[in-house]
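Following: one structure in structure tokens, then a few remarks.
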Amino acid sequence: MRGSLFIMTPVQKVITASEMRELDRRTTAECGIHSLLLMEAAARASVQQLTQHFACGIAGKSVLILCGRGNNGGDGAAVARQLALLGAHVSVALFASVEESQGDARTNFEIIRSLAELDDLSFTTCRTVEEWEQFQASQQDCDVIVDALFGTGLTRPLAGIHAAAVEFIEKQRGCLKVALDLPSGLDADRAEPIGPAVRADVTVTFTAPKPANVLP
């Protein structure tokens, strides 16, 4: 997080991962707002912050979005769709199969998969390090990398294909690195790193910052 731009909503209170989940639950249960709409709102806020970094707009820019199978990945899929509608060239890599995902995340992955025939949107799944390496080899330099691998649910160090993805992001130069909610590899509730983690240029957190967003 050192040297990064950190974007958060007007609520300044730091909340834990469990408090975040409870807020989401209450918003859905008591306010009648469907959880898919919450994911859509998170994506819209992320796209708004991302596009502000390009004076000439996002149209024509190349964006690589790396998604885990959980809700953070679902946020990334929603971001991909919105960016493609704005004219960006978007490539999405899901680090699982669509069938391994659930709930709102799966809904967004299925939408992206059905839209992947569009010229400005591609979608692939990477379930092994070998598949991920093949995908890397097919990619050209991009203008933006969006980290949507893990959000507040991570409590153990990344390993295998996910650690390889973080290493890939770290090696990229000359592109904007954007993390959704929390840079992947951090435990939301801990001040210290638990293993390899994304060092984002911009982090757009949702509802309120978590301890790992603000502690060094």
Side-chain angles (χ1 to χ4, degrees), residues 1-12 36-68 71-94 108-109 111-112 115-124 135-151 165-186 197-210 212-214 216:
M1 290 287 291
R2 187 175 299 165
S4 70
L5 173 65
F6 179 67
I7 306 296
M8 60 188 179
T9 56
V11 178
Q12 301 296 303
L36 264 176
L37 294 180
L38 297 180
M39 191 169 283
E40 193 71 10
R44 184 166 60 250
S46 301
V47 168
Q48 182 182 26
Q49 294 298 332
L50 189 160
T51 55
Q52 289 180 3
H53 288 264
F54 298 94
C56 298
I58 197 67
K61 301 295 184 182
S62 59
V63 182
L64 173 61
I65 302 182
L66 306 182
C67 297
N71 283 339
N72 198 249
D75 294 331
V79 166
R81 174 171 42 77
Q82 294 186 24
L83 287 176
L85 290 173
L86 293 175
H89 304 295
V90 184
S91 297
V92 178
L94 169 60
N108 273 311
F109 292 137
I111 292 172
I112 289 295
L115 294 176
E117 296 178 0
L118 299 176
D119 291 339
D120 290 332
L121 181 62
S122 66
F123 176 77
T124 191
F135 175 78
Q136 287 183 58
S138 69
Q139 296 299 297
Q140 299 179 348
D141 292 340
C142 60
D143 299 300
V144 183
I145 296 179
V146 177
D147 162 30
L149 291 168
F150 290 95
V166 170
E167 181 181 3
F168 167 81
I169 295 173
E170 178 67 18
K171 290 180 179 178
Q172 302 312 299
R173 298 291 182 268
C175 64
L176 179 69
K177 301 174 185 179
V178 180
L180 302 187
D181 204 15
L182 189 76
S184 294
L186 297 179
V198 171
R199 293 193 290 181
D201 300 310
V202 178
T203 297
V204 186
T205 196
F206 307 138
T207 303
K210 291 75 184 173
N213 286 131
V214 297

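The residues of the chain are indexed from 1 along the displayed sequence. Every heavy atom of this structure was used, including side-chain atoms; hydrogens, water molecules and symmetry mates were not.
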Taking it one step at a time, do Phe123 and Leu115 satisfy side chain to side chain contact (heavy atoms under 4.5 Å, CB included)? CA-CA 9 Å; Phe123 176 77; Leu115 294 176; over 6 Å; no

Are Ile145 and Cys175 close enough that some pair of their side-chain heavy atoms sits under 4.5 Å apart? yes

For residues Cys67 and Val92, report the shortest heavy-atom separation together with the two atoms involved. SG-CG1, 4.0 Å

Interatomic distance, CD1@Ile65 vs CD1@Ile112, rounded to 0.5 Å, equals 7.5 Å

Is a salt bridge present between Asp181 and Lys210, judged by a nitrogen-to-oxygen distance below 4.0 Å? yes

Spacing of CG belonging to Leu83 relative to OG belonging to Ser46, to within rounding of 0.5 Å: 9.5 Å

Between Ala148 and Gly76, the two heavy atoms sitting closest are CB-CA, 3.7 Å

Would a 4.5 Å heavy-atom cut-off, applied to side chains only, mark Arg44 and Gln49 as touching? no

Any carboxylate oxygen within less than 4.0 angstrom of a Lys/Arg side-chain nitrogen, looking at Lys171 and Glu167? yes

Val79 side chain reached by Leu180 side chain, heavy atoms, under 4.5 Å: yes

Hey, does Leu50 have a side-chain heavy atom less than 4.5 Å from the side chain of Val47? no

Over all heavy atoms of both residues, which pair between Gly68 and Phe109 is shortest? Give the atoms and the distance, please. O-CZ, 3.3 Å

The reported gap from CD in Gln82 to CD in Gln48 (rounded to nearest 0.5 angstrom) is 10.5 Å

Between Lys177 and Glu170, is there a salt bridge with N-O shorter than 4.0 Å? no

Ser62 side chain near Asp143 side chain, heavy-atom distance below 4.5 Å: yes

Please report the interatomic distance CG(Leu38) to CZ(Phe206), rounded to the nearest 0.5 Å. 11.0 Å

Atom CG of Leu176 and atom CG of Asp201: how far apart are they, to the nearest 0.5 Å? 5.5 Å

Can you list the steps and then say if His89 with Val63 is a side chain to side chain contact (heavy atoms under 4.5 Å, CB included)? CA-CA 6 Å; His89 304 295; Val63 182; over 6 Å; no

Are Leu182 and Thr205 close enough that some pair of their side-chain heavy atoms sits under 4.5 Å apart? no

What is the minimum heavy-atom distance between Val90 and Ala80, and which atoms define it? CG1-CB, 3.8 Å

Looking at Gln172 and Phe168, would you say the former's side chain and the latter's main chain have a donor-acceptor pair under 3.5 Å? yes

Has Thr203 got a side-chain atom pairing as donor or acceptor with Ala179's backbone, closer than 3.5 angstrom? no

Here the gap from Leu186 atom CG to Arg199 atom CZ, rounded to the nearest 0.5 Å, amounts to 12.0 Å

Sub-3.5 Å donor-acceptor pair from the side chain of Asp147 to the main-chain atoms of Leu149, do we have one? yes

Under the side chain to side chain contact (heavy atoms under 4.5 Å, CB included) rule, what do Ser91 and Leu64 come out as? Steps first, then yes or no, please. CA-CA 5 Å; Ser91 297; Leu64 173 61; 4.1 Å; yes

Would you check if Asn108 and Leu36 make a side-chain contact, meaning some heavy-atom pair closer than 4.5 Å? yes

